[in-house]
Amino acid sequence: GRVEPRFRRVVLKASGEALMGEQGFGIDVSVVDRIARDIADARSLGVEVGVVIGGGNIFRGVAVASKGGDRVTGDHMGMLATVINSLALRTSLVKIGVEAVVLSAIAMPELCESFSQRQATSYMNQGKVVIFAGGTGNPFFTTDSAAALRAAEIGAEALFKGTQVDGVYTADPKKDPQATRYERISHERVMRDGLSIMDTAAIALARENNIPIIVFSIHEEGGFGAILRGAGHCTVVDD
Ligand code: UDP
């Protein structure tokens, strides 16, 4: 029989670094293809998926600022990097027959449509994967904050944060073999203990809007779908 997914509408956040695979920079298309397959799997369950991809595999604003350059320009460069990644994901999705659109927070009509809450909601209702590019469109923010913001705007039931490991641990599981994974933890506790799963602005925004954050491994093929089916490994951050 058909599995009832845990959520109807979600936002998936992946860092830019998740796209570069074993390379030190840029985009490994085979990795983007794999993430696209995981999104297709979620769509096959009927889940509406919005996606925010970071830009850290290409550029981060602090790289300019730390060398005495203008931070705002650096952040503009970082936001452009997220557009490159978003276009890469769109093409991987379309290649396997998944309808997908890129909506950018910064207008660039020759490349993609501009973001509006109305347009995003309309596409999601049609079952299209909506990729939110350009972060929030503002310097001094991150794509984590953009993901929480878009999740709130489109009424997502959960924010899936893809990370290097399959959840939030008591210590770094790569360094401490005794570290254990939390099944659940509160937004408040995450902020108080400074657990670095997302920046504080993103966690605060998710908490204020009662959006649980599902921390899971972006590297595990099928992991996203498993959690949507009520299985799989993750940590649920909620109150
Ligand atoms: N950025 C920004 N405003 C936003 C989102 C991103 O200025 O709303 C810039 C910022 O310079 C950031 C870069 O884009 O360093 C890439 O985003 P992020 O660092 O969040 O990417 P990730 O770490 O997820 O790959």
Side-chain angles (χ1 to χ4, degrees), residues 10-29 31-32 34-35 38-39 49-90 92 102-108 111-112 114-117 120 130-154 156 159-165 168 190 195-206 209 213-219 224 237:
V10 302
V11 166
L12 169 65
K13 161 73 210 291
S15 70
E17 277 160 0
L19 306 188
M20 70 188 181
E22 300 301 310
Q23 306 166 183
F25 179 84
I27 298 170
D28 179 340
V29 172
V31 174
V32 184
R34 205 228 78 225
I35 292 172
D38 280 346
I39 293 169
V49 185
V51 189
V52 172
I53 308 277
N57 56 322
I58 300 170
F59 205 82
R60 284 207 173 90
V62 287
V64 162
S66 67
K67 294 202 167 68
D70 168 37
R71 168 71 190 262
V72 172
T73 302
D75 282 342
H76 288 161
M77 295 166 75
M79 286 187 267
L80 287 172
T82 72
V83 178
I84 297 176
N85 288 335
S86 297
L87 293 174
L89 180 62
R90 184 183 67 189
S92 287
V102 174
L103 301 184
S104 174
I106 298 167
M108 38 184 99
L111 303 192
C112 59
S114 295
F115 170 80
S116 74
Q117 187 260 3
V130 176
I131 305 165
F132 302 105
T136 64
N138 300 293
F140 304 104
F141 283 87
T142 64
T143 52
D144 278 357
S145 292
L149 175 62
R150 296 303 182 228
E153 286 180 284
I154 64 166
L159 171 51
F160 277 70
K161 162 74 177 180
T163 60
Q164 303 297 318
V165 289
V168 183
V190 167
L195 298 170
S196 54
I197 57 156
M198 289 186 118
D199 60 73
T200 313
I203 295 164
L205 200 51
N209 293 287
I213 302 170
I214 315 284
V215 183
F216 76 110
S217 169
I218 193 71
H219 301 297
F224 184 38
V237 182

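Both counts, for ligands and for their atoms, begin at 1 and track the order of listing.
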(request) With sequence neighbours excluded, tell me which residues meet salt bridge (Lys or Arg N to Asp or Glu O under 4.0 Å) with Arg90. (result) none
(message) Below 30° counts as parallel, above 60° as perpendicular, anything between as tilted: where do the rings of Phe115 and Phe132 land?
(response) perpendicular
(request) Nearest 0.5 Å please: distance from the SG atom of Cys112 over to the CG atom of Leu87. (result) 6.0 Å
(request) To the nearest 0.5 Å, tell me how far Lys161 NZ sits from Asp144 CG. (result)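 So the gap between those two atoms works out to 3.5 Å.
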Side-chain polar contacts of residues 49-56 - donor-acceptor pairs under 3.5 angstrom, sequence neighbours left out - could you list them?
none

(message) Tell me which pairs pass salt bridge (charged side-chain N to carboxylate O under 4.0 Å, His left out) where either residue lies in residues 51-64, with sequence neighbours left out.
(response) Glu17-Arg60
(request) Mind jotting down which protein residues get a heavy-atom contact under 4.0 Å with ligand 1? Chain and number order, please. (result) Lys13, Ser15, Gly16, Gly54, Gly55, Gly56, Phe59, Arg60, Gly61, Asp75, Gly78, Met79, Gly135, Thr136, Asn138, Pro139, Phe141, Thr142, Thr143
